[in-house]
Amino acid sequence: MNIILLGPPGAGKGTQAEKLIKELDAVQISTGDIFRTNIKNNTPLGAKAKEYMNKGQLVPDELTIDLVWDALDKVEDGKSILLDGFPRNITQAEALDEGMQKRDNKIDKVININVPEDVIIERISGRRVNVSTGKVYHIKFNPPKIEGIDDETGEKLIQREDDTEAAVKERLDVYNKHTSVLIDYYNKKGILVTIDGAKTPEEVFDQIKKSLEK
Ligand code: AP5
Ligand code: ZN
C-alpha cells in the first residue's frame with residue numbers, strides 16, 4: 001500500500017511516518033529529511049536547497065522531483081512507499097502520478113492531517129531533531145530522556161534552521177497557497193482521508209490505522 005502524508009508544517013507527518021513504517025514495513029521518502037541530510041553533508045544539492053528552506057520557500061520542482069525518482073527507484077519490489085512532504089503542489093502531484101504509472105504503481109491513500117494554526121506554532125517552537133536520522137522530539141510533548149540528546153543514538157538534538165518565526169510564517173503561507181489545493185486534488189480521485197491531528201500522537205496513529213482498514 002502506497003501512502004502520502006499530507007498536512008501543514010508541524011502537523012506531525014514525520015512523527016506518524018516513523019510509526020507507520022514499522023506497522024506497514026514501508027519505505028519512508030521524506031523530501032525534507034533528504035534535503036537536510038544533503039545540507040549536513042555539504043553536497044551541491046544541499047547548498048541549493050538551503051537557500052530556499054531557510055526562507056521557508058519550496059525548493060524548485062526540478063530539483064525535488066528528480067530526487068523523488070531516485071528514491072522511488074531504490075525501493076525494493078513489494079515494499080510499501082510512504083511519502084512525507086511530497087508532493088507539495090499540483091506540478092509535483094501530476095509528476096508523481098506519471099512517475100508511479102511508469103513504474104506500474106499507484107498511490108492508494110492520502111492521509112490529510114488536519115491541525116489548527118495555534119497548535120502548529122506550539123509544536124514547531126518546541127521541536128528538536130536529530131539531523132542524522134530525522135528522529136523528532138518535542139521539549140514538552142515528546143521529550144528525550146536527557147535534554148538535548150537523542151535517546152536512540154546519543155547524538156545532539158538541534159532546532160531546525162527553518163523553525164524561526166519568519167520562516168514558519170512563510171511555510172504556512174506556502175502551504176495555504178500551493179499545498180492545500182492537493183486536498184481537493186486527491187479528494188476528487190477518491191483516495192483522501194482527513195484525520196484530526198490535534199490529538200496525542202497515539203490517538204492520531206489509531207485514526208490513521210483505522211482509515212487504512214477501510
Ligand atoms: P519538511 O521537512 O517537509 O517540513 P514541513 O512540511 O514544514 O513539516 P515539518 O517537518 O515541519 O512538520 P511535520 O508535519 O513532519 O511534523 P513533526 O512530526 O516534525 O520541509 C521542510 C522544507 O524543505 C520546506 O519548507 C521546503 O523548503 C523543503 N521541501 C521539503 N519537501 C519539499 C517539496 N516536496 N518540494 C519543495 N520543497 C520541499 O512534528 C512537529 C513537532 O510536533 C515535533 O516536535 C513533534 O514531536 C510534535 N508532535 C507531533 N505530533 C504531535 C502530537 N500529536 N501531539 C503533540 N506533539 C506532536
Ligand atoms: Zn517533517
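Atoms within a ligand are numbered from 1 in the order they appear, just like the ligands themselves. Because the structure is a prediction, the values reported are computed rather than measured.
- Heavy atoms of Thr64 found under 4.0 angstrom from ligand 1 belong exclusively to the side chain.
- Contact annotation: for Phe35 versus ligand 1, heavy atoms closer than 4.0 Å belong to the side chain alone.
- Residues passing the side chain to side chain contact (heavy atoms under 4.5 Å, CB included) test with Glu76, sequence neighbours excluded: Lys79.
- Taking His178 as the reference, nothing meets the ring-ring contact (aromatic ring centres under 6.0 Å, His included) condition, with sequence neighbours excluded.
- Using modelled atom types and a 3.5 Å distance limit, the side chains of Asp61 and Thr64 yield no donor-acceptor pair.
- Side-chain atoms of Gln207 and Asp196 form no donor-acceptor pair, as typed in the model, at a separation below 3.5 Å.
- The structure places NZ of Lys109 at 14.0 Å from CG of Leu82, a figure rounded to the nearest 0.5 Å.
- Across Arg160, Glu202, Glu203, heavy-atom proximity to atom 10 (O) of ligand 1 is greatest for Arg160.
- Paired with Asn130 under the rule side-chain hydrogen bond (donor to acceptor under 3.5 Å, both in side chains), one option of Lys135, Glu155, Glu152 passes, and it is Glu155.
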message: Test side chain to side chain contact (heavy atoms under 4.5 Å, CB included) on Phe35 and Leu67; report intermediate values, then the result.
response: CA-CA 9 Å; Phe35 288 136; Leu67 179 138; 3.7 Å; yes

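- Nearest to atom 50 (N) of ligand 1 among the protein's heavy atoms is Arg123 NH1, 3.8 Å.
- Taking only nitrogen or oxygen atoms, main chain and side chain alike, Lys13 reaches within less than 3.5 Å of ligand 1.
- Among the atoms of Gly85, some N or O lies under 3.5 angstrom from an N or O of ligand 1.
- Near Arg36, the atoms of ligand 1 lying under 4.0 angstrom from a non-hydrogen atom of the residue are 2 (O), 21 (C).
- Gly7 does not count as a contact of ligand 1, since none of its heavy atoms falls under 4.0 Å from the ligand.
- Any N or O atom pair closer than 3.5 Å counts here, and Asp33 shares no such pair with ligand 1.
- Around atom 35 (N) of ligand 1, the closest heavy atom drawn from His178, Glu122, Gln92, Gln57 belongs to Gln92.
- Annotation: Gly12 places an N or O atom under 3.5 Å from an N or O atom of ligand 1; distance criterion only.
- On a distance-only criterion, Val59 and ligand 1 share at least one N/O pair closer than 3.5 Å.
- Judged by distance alone, with hydrogens and angles left aside, the side-chain atoms of Asn142 form no donor-acceptor pair with the main-chain N or O of Tyr137 at under 3.5 Å.
- Summarising the contacts of atom 20 (O) of ligand 1 with Met53, Arg171, Arg88, Glu18, the nearest heavy atom is found in Arg88.
- The cluster map of Ile, Leu, Val, Met, Phe, Trp and Tyr, joined by side-chain heavy atoms under 4.5 Å apart, puts Val131 and Met53 in different clusters.
- Short contacts between ligand 1 and Val136, defined as distances under 4.0 Å to a heavy atom of the residue, involve ligand atoms 19 (O), 43 (C), 44 (O), 45 (C), 46 (O).
- For Gly56, no nitrogen or oxygen atom sits less than 3.5 Å from a nitrogen or oxygen atom of ligand 1, counting backbone and side chain alike.
- Atoms of ligand 1 lying under 4.0 Å from any heavy atom of Thr200, numbered from 1 in the order shown and given with element: 53 (N).
- At least one N or O atom of Gly10, backbone or side chain, sits closer than 3.5 Å to an N or O atom of ligand 1.
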message: Could you go through Lys40 and Ser132, starting from their C-alpha distance and side-chain angles, then the distance that decides it, and tell me whether this counts as side chain to side chain donor-acceptor pair (under 3.5 Å)?
response: CA-CA 8 Å; Lys40 187 168 179 261; Ser132 306; 3.2 Å; yes

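- Residue Gln16 places no heavy atom under 4.0 Å from ligand 1.
- For ligand 1 and Tyr137, the ligand atoms under 4.0 Å from any heavy atom of the residue are 43 (C), 44 (O), 46 (O).
- The Thr31 neighbourhood of ligand 1 comprises atoms 30 (C), 31 (N), 32 (C), 33 (C), 34 (N), with distances under 4.0 Å to a heavy atom of that residue.
- Among the candidates Ile121, Val115, Thr179, Ile124, the single residue satisfying the side-chain contact (heavy atoms from CB on, under 4.5 Å) test with Pro9 is Ile124.
- Neither the backbone nor the side chain of Ile113 comes within 4.0 Å of ligand 1, counting heavy atoms alone.
- Among the atoms of Asn142, none of the N or O lies under 3.5 angstrom from an N or O of ligand 1.
- Close approach of ligand 1 to Ala11 (heavy-atom distance below 4.0 Å) involves ligand atoms 14 (O), 16 (O).
- The shortest N or O to N or O distance between Pro201 and ligand 1 is under 3.5 Å.
- Heavy atoms from other residues, nucleotides or ligands lying under 6.0 Å from NZ of Lys50 number 12 at most.
- Note: Asn112 CG to Leu5 CG = 10.0 Å, rounded to the nearest 0.5 Å.
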